[in-house]
Amino acid sequence: MRVFDVEKRCGRRALFFCALSVTLWSRATAAQDRNMNHDIRIELPADLEGERDRYREDILAAVDRVAAWFTQQGFETRREDLIDRAVVLGDIETAQTKVAAHFGVDRTAVPDSFSGTVDQKTLFVVCPEVYRKTYIRLYPDWPWDEAQYRGLIAHEVAHRAHARVAVSLHGSEEAMGPTWFFEGLAILCAGNFEARVGDSPQLTWEQLMAYVSEDGTKSLGYPTYGRMIRSLAAAFPAKLLIERASDRGFPQFLEEGYAARKP
């Protein structure tokens with residue numbers, strides 16, 4: 001999610017409405033130890049109050065994953081840097097209404113595929129059942145399991161962490177780079193759309209650049225963004241990619257490193 005443009009935040013760059021394929025992760029990390037005293041206020045519909053513990057576990061685990069990942073890349077990040085409030089939305093109609101009101105846009109600007117977004121330190125996210133239906137509808141080739149929900153949360157929070165880093169490095173969220181890159185980075189951080197048995201190997205430079213060019217005219221979708229970023233991450237440290245993503249010479253920089261690797 002990039003938060004410098006309201007309409008875009010309520011468009012494809014802000015609303016994570018794709019399927020996520022993730023693996024379960026351990027919560028026993030150094031980042032979690034640092035964050036033990038920070039809690040997140042969770043707002044639930046009345047009929048979901050009985051599941052509050054489950055939501056707290058999912059949200060904290062996802063946030064801790066993101067904090068640990070960015071810290072591992074060299075950008076010290078704590079849970080309290082990311083979110084302090086989570087609003088869980090029990091149905092898509094309520095989600096559209098509340099998110100539109102929050103961003104000050106018409107309800108029609110929020111698609112019926114909305115699943116989550118982060119603004120400042122507030123996470124808006126649909127409940128697992130709503131997300132499951134969207135996931136199955138949009139990505140039938142990617143099996144659903146309960147881990148997908150944490151992946152959704154982690155993806156959205158990863159945008160928040162990336163935006164903070166971009167501002168600290170360059171003074172603007174524009175420094176998050178092009179859509180394919182900042183969406184890909186969130187996918188990499190959250191562990192979304194990981195390669196499956198039988199998937200094609202990593203992209204060649206020519207394939208990668210063809211996707212970059214195509215994404216300038218239409219959204220390629222999250223599974224493709226995942227392939228793109230993982231191909232790059234095999235050739236470059238993630239920290240270097242994050243630091244250089246907004247450079248005018250970013251493609252040339254990538255080409256040189258990619259050629260040296262010869263995937």
Side-chain angles (χ1 to χ4, degrees), residues 1-6 9-10 13-16 20 22 25-46 48-73 75-90 94-95 97-105 110 114-128 130-131 149-169 171-173 176 182 185-186 189-192 242:
M1 177 193 71
R2 300 174 77 177
V3 296
F4 52 82
D5 184 293
V6 168
R9 281 184 301 198
C10 290
R13 297 203 294 177
L15 308 180
F16 185 51
L20 303 179
V22 301
W25 54 79
S26 169
R27 300 185 64 195
T29 65
Q32 290 169 309
D33 293 338
R34 290 194 305 273
N35 293 321
M36 287 299 292
N37 295 324
H38 176 74
D39 202 4
I40 295 171
R41 179 162 56 94
I42 300 173
E43 300 175 17
L44 294 170
L48 295 180
E49 274 296 337
E51 301 179 57
R52 178 170 290 274
D53 288 347
R54 174 199 173 176
Y55 281 101
R56 183 173 300 280
E57 181 178 352
D58 283 343
I59 292 168
L60 294 182
V63 173
D64 286 341
R65 177 188 175 97
V66 173
W69 190 87
F70 273 87
T71 296
Q72 288 165 5
Q73 311 317 312
F75 304 106
E76 184 66 25
T77 306
R78 303 167 300 170
R79 184 195 294 169
E80 56 264 39
D81 296 329
L82 301 176
I83 65 169
D84 56 18
R85 176 178 174 239
V87 179
V88 177
L89 306 159
T94 299
T97 300
K98 286 194 173 183
V99 170
H102 177 82
F103 287 111
V105 298
V110 183
F114 171 81
S115 292
T117 192
V118 174
D119 183 40
Q120 298 300 315
K121 299 181 78 171
T122 296
L123 165 72
F124 295 92
V125 66
V126 297
C127 68
V130 171
Y131 182 56
Y149 191 62
R150 287 190 185 183
L152 163 65
I153 298 168
H155 182 107
E156 293 305 329
V157 175
H159 284 314
R160 160 71 177 168
H162 188 188
R164 291 186 69 260
V165 170
V167 170
S168 70
L169 290 175
S172 171
E173 290 180 16
M176 292 169 71
F182 68 75
L185 192 78
C189 172
N192 311 143
I242 293 168

- Query: Between E57 and R150, does a side-chain contact (heavy atoms from CB on, under 4.5 Å) hold up when you go through it step by step?
  - Reply: CA-CA 9 Å; E57 181 178 352; R150 287 190 185 183; 3.2 Å; yes

- pair R160-E156: side-chain heavy atoms closer than 4.5 Å: no

- Message: Using only atom types and a distance under 3.5 Å, with no angle test, would you say the side chain of D81 pairs donor to acceptor with the backbone of R78?
- Response: yes

- Message: Give me the atom names and distance for the closest heavy-atom approach of A95 to V126.
- Response: CB-CG1, 4.1 Å

- Query: Between CG of D53 and CG of D58, what distance do you get to the nearest 0.5 Å?
  - Reply: 11.0 Å

- Kindly say whether C189 contributes a backbone atom to a donor-acceptor pair with the side chain of R65 at under 3.5 angstrom? yes

- Task: Compute the ring centroids of F182 and H162, then answer whether they are less than 6.0 Å apart.
- Result: no

- Query: So, do D64 and R79 sit near enough that their side-chain heavy atoms are less than 4.5 Å apart?
  - Reply: yes

- Nearest heavy-atom neighbours spanning G151 and A190: O-CB, 3.9 Å

- Query: Can you check side-chain contact (heavy atoms from CB on, under 4.5 Å) on I42 and I59, steps first, answer last?
  - Reply: CA-CA 9 Å; I42 300 173; I59 292 168; 3.9 Å; yes

- Query: Can you tell if the side chain of V125 reaches within under 4.5 Å of the side chain of V87, non-hydrogen atoms only?
  - Reply: no

- Message: As an exercise, state the distance from CG of L123 to NE2 of H159, rounded to the nearest 0.5 Å.
- Response: 12.0 Å

- Tell me, please, which residues at least two apart from E51 pass salt bridge (Lys or Arg N to Asp or Glu O under 4.0 Å). R54

- Query: How long is the span from the CZ atom in F124 to the OG atom in S115, to the nearest 0.5 Å?
  - Reply: 14.5 Å

- Query: Looking at side-chain heavy atoms only, is the closest gap between I40 and Y55 below 4.5 Å?
  - Reply: no

- Task: Would you sort out whether I83 and T122 count as a side-chain contact (heavy atoms from CB on, under 4.5 Å), showing the intermediate values?
- Result: CA-CA 6 Å; I83 65 169; T122 296; over 6 Å; no

- Query: Are side-chain heavy atoms of K121 and L82 found at a separation under 4.5 Å?
  - Reply: no

- Would you indicate whether the side-chain heavy atoms of V88 and E43 approach each other to under 4.5 Å? no

- Query: Can you name the closest pair of heavy atoms from C127 and G90 and give their distance?
  - Reply: SG-O, 3.7 Å

- Message: Determine whether V130 and L89 satisfy the following criterion, side-chain contact (heavy atoms from CB on, under 4.5 Å), listing intermediate values before the conclusion.
- Response: CA-CA 9 Å; V130 171; L89 306 159; over 6 Å; no

- State, yes or no, whether a side-chain contact exists between D119 and H102 at a heavy-atom distance under 4.5 Å. yes

- Message: Could you check whether any side-chain N or O of T77 sits under 3.5 Å from a backbone N or O of F75, counting only pairs where one atom can act as donor and the other as acceptor?
- Response: yes

- Enter the distance from T117:OG1 to F103:CZ here, rounded to the nearest 0.5 Å. 4.5 Å

- Item | Heavy-atom side-chain proximity of V157 to F70 below 4.5 angstrom | no

- Contact summary for L152 and G116, nearest pair of heavy atoms: CD1-N, 4.5 Å

- Measure from the side-chain N and O atoms of S172 to the backbone N and O of V167, and report whether any donor-acceptor pair falls under 3.5 Å. no

